[in-house]
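Numbers restart at 1 for each chain; the letters A, B, ... are given by sequence-line order, proteins then strands. Atoms considered below: every heavy atom in the structure, side chains included; atoms not considered: hydrogens, waters and symmetry mates.
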2 protein chains.
Amino acid sequence: MNKPADGTRRTPLSRERVLRAAVAFADAEGTDALSMRRLAQELGVVPMALYKHVANKDELLDGMVDLVVGEIGPPGEGGWQHVVRERILSARRTLRGHPWVARVVESRPAPTPALLGYLDSMAGLFRAGGFSVDLTHHAMHAMGSRLLGFSQELFDDTAAPPDPEVLAQLARAYPHIAELAGSAEHDAGSAVGGCDDQAEFEFALDLLLDGLERLRAGGRR
Amino acid sequence: MNKPADGTRRTPLSRERVLRAAVAFADAEGTDALSMRRLAQELGVVPMALYKHVANKDELLDGMVDLVVGEIGPPGEGGWQHVVRERILSARRTLRGHPWVARVVESRPAPTPALLGYLDSMAGLFRAGGFSVDLTHHAMHAMGSRLLGFSQELFDDTAAPPDPEVLAQLARAYPHIAELAGSAEHDAGSAVGGCDDQAEFEFALDLLLDGLERLRAGGRR
DNA sequence: ACCTGAACACCGTTCAAGT
DNA sequence: ACCTGAACACCGTTCAAGT
């Protein structure tokens, strides 16, 4: 299995190659479909061969997160609010093609090195911008997973809406939500029911950053 | 298996009983440990018996969420900001004993009826408080999963800190995070490294609600 | 008609046997 | 010493056989 029919050796496995293949697989098929066995198959390798490069599946997931988070670029220059805002939007762009990262990060008990590095850098941006240690602490918690550009929605509303009859029934049962779904903002996004995720993300982001700037300027400890 | 040794019939299975047992099991052992087979065993029943009350595991999870979310009390009375704030804190208290709800809700593609009802009610509170349809829409997205009282942290920092040597090494690698971990706010919570989750949640909540009130008062469409 | 044991197609991971 | 096939202890769910 290690030697293809033509006799040439396959490119040997490495931790890097395993992680890259896992990321590509998760991008294409989602993390639910990702199993050690499927991944091994994808790499043309016996399942047990993976265990020489990752201790177990949890370490595989950590490695995948670390790989992707490590690709987020460094911060730019300017006032703290501009720099923080742009860095977060940059992280969001980096993670855009890897929608599984949010769920995996939030399901892991401890942060990976790349994630710690990113968070440390973000905390440094607040401090450099004149935030006290305590306010920086509050700011980091208040931003939470939004620091990585996660939307923090309660559910994935990108799914196709059900047929009109069911929709009408839902509108009757949940009038206020129906009212929101019918608003102009929604139609701008895509089909009925779809929202402009990016606009909503930036709205919430600015709400938080503006609030934090007010506290900073007010000299809150 | 349906008849115990003493010949008395077991209390018959019902959807309600299945869901309550599943919630209790998840509370005690977590959703990772929850399987159809383990749950059946817990109920003294053959695995297939569950499938008469729930179509599959996804429907079981939806039912569990619905059961718990349905226990959130109705809103109180007063100004919009007070009512919204108290309702969210009430939801947070209700979900406090069911830490698995956050992950399950966010992993399901569609909201359950009880969740839709709760969200509809929350949207109604904004509208009644003088929010335009569009601002209500933005507000709902900006709050996101915080509407249910979820902390939205990037990882679970309640885990025990590692030994002092590793900690010192981490502090050197991530100086800004070390600075935050050493702040007085942290020590107030619990042991070193632990935070006062509730205080941080309320800080972020008020940051958002104050920002929204400013927009509402400013007459933003 | 109802119930359920066995079976199917999977998992992550261990371990001993083979080279 | 290295590699790996078989095995172990699980999954969710189907299905046919038994009552």
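- Going from the C1' atom of D:dA7 to that of C:dC11 covers 14 Å, rounded to whole Å.
- Rounded to whole Å, the separation between the C1' atoms of C:dT13 and D:dT13 comes to 23 Å.
- Distance check on atom C1': D:dT14 versus C:dG12 gives 23 Å, rounded to whole Å.
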Could you go step by step and tell me if A:Arg15 and A:Glu59 meet the salt bridge (Lys or Arg N to Asp or Glu O under 4.0 Å) rule? CA-CA 11 Å; A:Arg15 188 179 157 88; A:Glu59 199 186 291; 2.9 Å; yes

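- Atom-to-atom, NE2 of B:His53 to P of C:dC2 comes out at 13 Å; the value is rounded to the nearest Å.
- With hydrogens and angles left out, the side-chain atoms of A:Gln152 and A:Ser145 include a donor and acceptor closer than 3.5 Å.
- A:Ser121 places no side-chain N or O within 3.5 Å of a backbone atom of A:Gly117 that could act as its donor or acceptor partner.
- The CG-C1' distance, from B:Leu50 to C:dC3, rounds to 14 Å in whole Å.
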Reading nucleotides 6-11 of chain D 5' to 3', which nucleotides get B (base under 4.0 Å from a protein heavy atom), which S (sugar-phosphate only), which -? -B---B

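- For the 3.5 Å distance criterion, the side chains of B:Ser151 and B:Arg92 qualify, holding a donor opposite an acceptor.
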For DNA chain D, produce a single dot-bracket line, 5' to 3'. Pairs: Watson-Crick or G-U wobble, both distances under 3.5 Å. Symbols: ( ) within strand, [ ] crossing, | other strand, . unpaired. ||.|||||...|||||.||

Just do the side-chain hydrogen bond (donor to acceptor under 3.5 Å, both in side chains) check on A:Glu202 and A:Gln198 with the steps written out, would you? CA-CA 6 Å; A:Glu202 293 187 23; A:Gln198 184 65 21; 2.8 Å; yes

Donor-acceptor contacts, no H, no angles, side chain residues 31-43 of chain B, under 3.5 Å, sequence neighbours left out:
residue	atom	partner	partner atom	Å
B:Ser35	OG	B:Arg38	N	3.0

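- B:Leu39 places its CG atom 13 Å from the P atom of D:dT13, with the value rounded to the nearest Å.
- Here D:dT13 is the nucleotide among C:dG5, D:dC3, D:dT13 with the atom lying nearest to any side-chain atom of B:Asn56.
- Exactly one of A:Leu13, A:Leu60, A:Asn56 qualifies for a side-chain contact (heavy atoms from CB on, under 4.5 Å) with A:Leu50. That residue is A:Leu13.
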For a side-chain contact (heavy atoms from CB on, under 4.5 Å) check, start with the C-alpha distance between B:Leu205 and B:Met143, then their side-chain angles and the critical distance, and finish with the verdict. CA-CA 8 Å; B:Leu205 178 60; B:Met143 301 296 300; 3.5 Å; yes

